[in-house]
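Have a look at the structure below, then the notes.
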Number of protein chains: 2
Amino acid sequence: MKNCTIGAILLPVFCVFTNAQSLKSPDGKFEMNFQLKQGVPYYNLTYNKTPVIEDSRLGLRLFNNNTVQFAPEIRKPEDVQYDLSDRFTITAEKRDAKKETWQPVLGEKKNYINHYNELAITLNQASTDRHIIIRFRLFDDGLGFRYEFPQQKNLNYFIIKEEDTEFDFPTDMKAWWIVADYDSQEYPSQTTKISEIPARWSYGVDKHSSQTLVKDAVQSPLMLKKEGKDPLYMNIAEAAVLNYPASNLEVDIKNFKFKTHLTPDKNGAKGYIQTSSVTPWRTVIVSPKAEVVLDSKMLFNLNEPTRYKDTSYIHPTKYMGVWWEMIIGKSQWAYGEPKTNVHIDGTDFTKLIPNGKHGANNIKVKEYIDFAAENGFNGLLVEGWNIGWEDWIGHSKEFVFDFTTPYPDFDIEKLNEYAHSKGIKLIMHHETSGSATNYERWADKAFQLMNQYGYDAVKTGYVGDIIPRSEHHFSQWMINHFYRIAEKANEYKIMVNSHESVRPGGESRTYPNWVSAESARGTEHEAFLGNNPDHQTILPFTRWMGGSMDYTPGIFQTRLDYYFPGDKRFVKTTLAKQLALYVVMYMPVQMAADLPENYRKHMDAFQFIKDVAADWDDTKILSAEPGDYIITARKAKGTENWFVGGITDENKRSYTVDFSFLDKDRTYEATFYEDGKDADYISNPQSYRIYKKLINSKSKINFNMARSGGFAVSVKPVK
Amino acid sequence: MKNCTIGAILLPVFCVFTNAQSLKSPDGKFEMNFQLKQGVPYYNLTYNKTPVIEDSRLGLRLFNNNTVQFAPEIRKPEDVQYDLSDRFTITAEKRDAKKETWQPVLGEKKNYINHYNELAITLNQASTDRHIIIRFRLFDDGLGFRYEFPQQKNLNYFIIKEEDTEFDFPTDMKAWWIVADYDSQEYPSQTTKISEIPARWSYGVDKHSSQTLVKDAVQSPLMLKKEGKDPLYMNIAEAAVLNYPASNLEVDIKNFKFKTHLTPDKNGAKGYIQTSSVTPWRTVIVSPKAEVVLDSKMLFNLNEPTRYKDTSYIHPTKYMGVWWEMIIGKSQWAYGEPKTNVHIDGTDFTKLIPNGKHGANNIKVKEYIDFAAENGFNGLLVEGWNIGWEDWIGHSKEFVFDFTTPYPDFDIEKLNEYAHSKGIKLIMHHETSGSATNYERWADKAFQLMNQYGYDAVKTGYVGDIIPRSEHHFSQWMINHFYRIAEKANEYKIMVNSHESVRPGGESRTYPNWVSAESARGTEHEAFLGNNPDHQTILPFTRWMGGSMDYTPGIFQTRLDYYFPGDKRFVKTTLAKQLALYVVMYMPVQMAADLPENYRKHMDAFQFIKDVAADWDDTKILSAEPGDYIITARKAKGTENWFVGGITDENKRSYTVDFSFLDKDRTYEATFYEDGKDADYISNPQSYRIYKKLINSKSKINFNMARSGGFAVSVKPVK
Ligand SMILES: [Ca+2]
Ligand SMILES: [Ca+2]
């Protein structure tokens with residue numbers, strides 16, 4: 001609220017604002033209150049008048065002032081006089097509201113609704129003659145806010161020492177979290193109370209190719225649940241993380257409070273900012289229903305519409321890959337003996353002694369093409385096609401890969417011709433080994449090669465420590481790198497599916513050719529240290545909140561002793577659960593990751609993977625509880641076909657699907673894929689049963705899910 | 001020496017070497033002795049049986065071992081067990097010799113002679129099953145040696161913690177040095193005893209745009225003189241610094257010893273090495289005559305012949321520039337108000353308020369073209385032509401410059417047309433502000449633009465802290481950057497003249513399109529804190545040893561109060577000395593740096609700059625003493641014309657030139673440019689006299705040089 005005195009004509013309006021403002025959500029259930037306490041900004045949030053977030057501090061600390069040179073300055077101690085965290089007065093407020101419907105290029109629904117009330121508060125710091133804006137958007141599913149730095153006389157360039165945004169919860173809550181790290185997101189989910197996080201933190205750590213852990217902190221997105229008689233589900237995340245590092249969350253177990261912890265570069269700098277500039281949005285999604293959290297499109301809504309002129313080349317992809325056999329150790333990426341010291345600009349790769357296990361060879365790739373084509377896939381990923389794999393990891397090699405030169409046994413021209421003749425596009429693979437500078441230098445030539453041979457999609461990878469050696473995977477420079485590559489790929493009409501890249505925050509609205517990303521612990525870890533049975537019931541609440549994941553499901557041969565007698569590794573799900581993942585997990589880029597030989601043994605079950613859609617007109621989260629189960633129904637793009645998937649954690653469960661979401665005037669033929677009666681993810685994962693049935697909108701069908709089991713249904717209207 | 005036992009057929013030869021080897025120079029005057037003392041390698045050097053370098057240690061310390069991953073490993077303490085510095089035995093020695101004559105593309109002489117005896121010693125470290133080679137080459141003017149790391153089972157990848165090569169001198173000596181720094185070479189020369197370096201070190205420091213000083217250490221090349229009745233001049237430098245950082249020298253004042261100190265990245269890593277690999281050559285040039293040191297081509301000889309297929313586009317360049325007027329503050333690089341916050345991808349530069357002082361405008365550039373063309377120059381540098389200068393420095397801006405978009409008042413097409421119509425080529429300017437990543441991304445487009453408009457030379461600049469922010473100007477990554485740019489420029493047939501780049505070590509033999517570099521304190525500093533009167537008598541003994549410098553001489557209007565009444569700055573030479581610099585300083589890229597208006601007032605003196613050659617068939621160092629004077633005669637390429645230049649320090653001197661180097665059968669017309677009788681670099685710098693005279697090989701002409709004065713002579717055969 002403000003009191004303004006209008007002076008004489010031509011004089012400015014002088015306003016005195018009270019130190020508190022409030023904002024309500026369109027449905028009136030949420031209220032956000034902003035206030036200054038002794039010049040320090042705080043916000044809180046209530047839902048149905050119940051405190052969700054208590055007064056929580058806002059602000060940023062900077063390195064020194066903005067008039068001195070930067071790089072010397074980050075060697076100096078910070079100067080608190082220049083922090084953007086206190087000594088503020090409110091000098092303006094601006095309110096706005098929006099309700100728009102927009103269409104994602106690829107998405108879970110035909111229309112996404114962006115509906116919010118907005119409050120933008122201008123904070124003036126008289127002592128430094130600077131002002132910033134904090135912009136709040138309150139939706140019916142929660143709050144988003146960010147800092148904005150208008151260009152002005154005394155605010156042009158600065159380096160962020162830390163962003164101190166807090167989320168202070170009134171009570172202890174259940175939390176689904178992974179350990180904070182500047183370089184890896186591929187940690188197993190932990191489920192504890194907030195108050196238990198530090199004590200349990202080290203249980204969440206395992207060894208990765210590149211990691212820089214932040215002790216006792218956790219990653220964003222973070223899923224929370226206030227348990228008890230009025231449960232409330234909450235999700236803390238960030239949206240539109242552009243030209244800014246990704247954030248972690250420090251935990252304060254006495255106050256049940258989290259504080260933003262940005263990813264620094266190796267100078268300790270957390271963002272080199274030139275105004276005008278904005279931070280990512282900090283988001284809190286809140287609902288009494290877990291399903292509403294899963295269904296939230298808030299992170300996408302907080303991103304800008306795309307500026308791409310042409311998005312027609314972006315399409316859903318169902319693909320297979322010469323990949324899982326390398327992951328499990330049956331074949332290899334390298335052509336010569338791995339651990340051979342090679343120079344991409346010096347070694348004659350035709351003279352290497354072949355190791356005899358190179359996966360990306362002409363014969364094998366043709367076999368995969370044949371199988372993928374026979375079964376209606378449109379893409380085939382081939383990893384290990386290009387020179388440099390012999391010693392690609394762990395040596396801080398900058399010039400590690402050549403992105404245009406195939407190994408001697410990979411005939412790029414002939415294989416692409418063959419693939420195209422069968423209706424398959426090969427999917428390019430660009431592993432960078434973390435050497436982003438090398439990849440940037442190759443990018444144009446690499447994408448030109450793709451255009452030449454008709455590749456329209458690339459899987460990128462960033463396994464290993466980053467070069468430039470000042471950077472982390474999630475520091476500002478690398479965030480910019482990822483979007484630079486997305487934009488360059490768009491110039492060549494190429495879709496990007498990135499691995500080991502930063503977790504998304506809805507940016508696919510703006511960069512729709514960045515169609516998917518890994519950025520979490522995917523199926524590959526089943527062949528390393530394993531994923532817990534509840535892993536897939538948590539990821540949609542965390543990693544998936546900001547965009548699709550390339551989880552690479554579809555493993556039918558879950559026990560690896562099939563390949564290697566005595567091998568104790570196994571994929572910790574039933575076969576039926578693998579099918580359900582194609583519905584539960586939103587994946588416009590959908591891999592059937594297992595080997596053709598394994599699918600051939602279960603062509604009846606494989607039929608579901610062949611049938612399931614990858615792009616959707618509608619999505620219904622039927623029932624969900626993080627860490628326990630998720631049941632989802634989706635309607636395939638441009639059709640009346642529905643697909644339903646259900647998964648459970650390490651506990652058996654039964655669930656009755658109410659098909660009332662179906663069109664009331666139609667009859668459908670449903671095909672059910674269910675765990676067998678004796679199915680069990682450890683002792684009998686391949687036990688399943690398949691049956692068909694006519695159903696309609698009144699049908700209610702009960703499913704029994706085995707331990708780490710699931711079910712899948714494909715539903716087609718009867719003509 | 002070795003004793004070999006030849007075993008049965010098919011068995012290897014077993015050799016036992018003594019722990020000491022020696023090598024003599026072709027003329028027998030130098031002897032290098034190598035030995036292991038308890039497994040630690042040492043070398044020494046004698047000249048005429050007098051010790052020049054006493055037993056000095058060799059070797060490298062590494063981070064940890066070579067089997068572990070790199071980046072984590074540089075966070076760990078070093079593991080001495082893996083150092084390549086001790087526990088060695090000699091397992092092979094190989095001797096070789098060479099005498100070749102080769103022709104530099106541009107050079108001081110038509111032929112360079114490469115004449116040495118070589119000894120390569122293989123050192124085995126049994127405890128780690130590794131071996132390295134130390135290769136020594138002994139020339140008639142001194143010693144070069146390097147480490148070589150053959151690819152082998154246990155030596156494939158390592159990170160250098162430090163190279164510990166020592167130069168241990170028997171006595172205290174006079175030293176000409178600048179302070180060690182990882183980012184700047186533009187320090188004033190200091191002249192002290194070795195033993196006085198630490199005490200005087202801080203006198204050598206002034207403020208630079210980017211600096212990371214190494215306390216008490218000095219830079220290489222370092223000039224030394226053993227004074228007394230048998231004086232000996234010595235120069236420590238390095239050659240072929242490729243894929244390796246540049247080095248500084250730590251001083252041990254008790255032992256008169258220097259130790260190599262490599263430039264690290266910000267992780268402290270001093271070189272990421274993959275075998276096979278070699279280090280730069282460490283060089284010691286030694287002679288009783290200073291002139292022989294100046295004349296040495298050892299650093300060039302230690303580089304590899306070029307692999308460029310075409311060097312025909314590389315030519316000597318005499319150029320003027322829209323430059324000095326910005327340096328002194330008369331005009332500006334920026335078009336809009338400097339310190340305006342601009343975004344190269346967002347700001348509309350046509351809408352900026354012009355500051356009215358932008359140098360690179362159509363009218364001024366045409367005036368420079370006219371004057372340069374009238375006076376026979378072939379190039380005109382224009383700085384400040386491209387967008388981004390408003391806030392280019394000090395903000396750690398990565399996306400700081402656009403290298404293809406001119407300011408609104410610079411019509412690139414028309415100006416190039418106009419220049420070409422007058423026989424002038426514009427010289428491109430690429431200031432990077434230290435943002436090497438930005439420049440690499442632009443490089444192709446920038447060079448394509450140059451090809452499009454007919455530019456064949458670029459002046460690059462690296463003012464400011466380096467991006468990637470892990471790097472220093474002289475760390476391994478940046479060294480690779482500089483050569484990457486040179487090679488890319490060669491693809492476009494473009495010559496490079498780099499500023500703020502690494503000091504050269506003879507690499508122009510391999511990369512002949514990298515025609516010149518600044519890489520030391522040039523004329524521009526006369527407009528900042530000033531150069532000492534002896535500065536130009538020292539640089540040829542230090543900075544110039546490895547390649548030409550773009551010193552940008554030719555300032556006739558030495559007093560800056562001419563422009564700005566009361567201004568105390570002045571160029572600390574006489575006008576005649578400025579002329580002499582064109583001969584004393586080897587510059588195939590030769591700038592006449594002053595403004596046309598100043599040359600117009602002294603067209604008689606300017607005639608020497610118009611006449612003087614920039615490429616040479618022969619060079620005679622007539623007389624020289626570092627810090628005091630240099631007198632040099634050079635014969636212009638493909639002609640019988642000679643040019644002589646002489647300079648002195650803050651002391652008046654007279655010198656009699658003996659013209660016996662002239663052809664005995666010819667008569668020559670000589671034009672003499674001499675300090676006036678009352679000339680003085682402070683009180684009367686523009687006093688000079690010019691006269692002509694017929695001379696022959698018997699002529700001996702005396703010159704009087706004023707304080708910080710000099711003389712120049714142009715000598716042409718009479719037809
Ligand atoms: Ca559970
Ligand atoms: Ca002197």
Side-chain angles (χ1 to χ4, degrees), chain A residues 66-75 151-153 155-159 183 209-212 243 265-267 269 272-277 339-343 346 391 393-399 434 436-437 440-441 443-444 464-471 475-477 480-481 484 488, chain B residues 66-75 151-153 155-159 183 209-212 243 265-267 269 272-276 339-343 346 391 393-400 434 436-437 440-441 443-444 464-471 475-477 480-481 484 488:
Chain A
N66 58 22
T67 60
V68 219
Q69 291 192 5
F70 264 5
E73 135 192 336
I74 60 173
R75 298 174 202 138
Q151 186 173 332
Q152 58 197 278
K153 179 164 160 282
L155 194 62
N156 287 286
Y157 316 91
F158 57 91
I159 300 175
D183 286 292
S209 65
S210 175
Q211 54 193 151
T212 309
N243 194 20
D265 70 10
K266 291 193 187 166
N267 296 307
Y272 298 79
I273 305 296
Q274 179 182 0
T275 62
S276 294
S277 177
K339 298 185 181 166
T340 301
N341 168 346
V342 296
H343 298 254
D391 60 355
I393 181 72
H395 306 302
S396 202
K397 280 182 76 172
E398 180 166 14
F399 313 108
T437 47
E440 289 196 11
R441 283 182 214 118
D444 276 294
D465 289 333
I466 296 296
I467 299 177
R469 298 185 181 98
S470 44
E471 303 305 325
S475 61
Q476 181 190 28
W477 194 95
N480 286 336
H481 166 82
R484 196 151 50 231
K488 190 171 279 297
Chain B
N66 58 21
T67 62
V68 217
Q69 291 192 4
F70 264 5
E73 132 193 339
I74 60 173
R75 298 173 201 138
Q151 185 173 332
Q152 57 198 278
K153 178 164 161 282
L155 194 61
N156 288 287
Y157 315 92
F158 56 91
I159 300 175
D183 287 291
S209 66
S210 175
Q211 54 193 152
T212 309
N243 195 20
D265 70 9
K266 292 195 187 164
N267 296 307
Y272 298 78
I273 306 295
Q274 179 182 1
T275 61
S276 294
K339 299 185 182 167
T340 302
N341 168 346
V342 296
H343 297 254
D391 59 355
I393 181 71
H395 307 301
S396 202
K397 279 181 78 172
E398 180 167 13
F399 313 109
V400 54
T437 47
E440 290 196 11
R441 284 181 213 116
D444 276 295
D465 289 332
I466 295 297
I467 300 177
R469 299 185 179 97
S470 44
E471 303 305 325
S475 61
Q476 182 191 27
W477 195 95
N480 286 336
H481 166 83
R484 196 151 50 229
K488 190 170 280 297

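Proteins get letters first, then strands, A, B, ... in listed order; numbering begins at 1 in each.
When each of B/D444, B/I466, B/D391 is scored by its heavy-atom pairs under 4.5 Å with chain A, the top score falls to B/D391. Taking A/E471, A/H343, A/K339 one by one and counting their heavy-atom pairs under 4.5 Å with chain B, the maximum is reached by A/H343.
The CD atom of B/Q151 sits 8.5 Å away from the OG1 atom of A/T340 when rounded to the nearest 0.5 Å.
Proximity to chain B (any heavy atom under 4.5 Å) is shown, for A/T275, by both the backbone and the side chain. Contacts between A/S475 and chain B at a heavy-atom distance below 4.5 Å are absent for every atom of the residue.
A donor-acceptor pair shorter than 3.5 Å cannot be found between the side chains of B/E398 and A/N480.
Side chain of B/N267 to backbone of A/R469: a donor-acceptor contact under 3.5 angstrom is found. Looking at A/N341, its side chain never comes within 3.5 Å of a backbone N or O of B/Q274 through a donor-acceptor pair.
The two residues B/I467 and A/W477 make their nearest non-hydrogen contact at CG2-NE1, 4.5 Å.
By the 4.5 Å heavy-atom criterion applied to side chains, B/T437 and A/E440 are not counted as neighbours.
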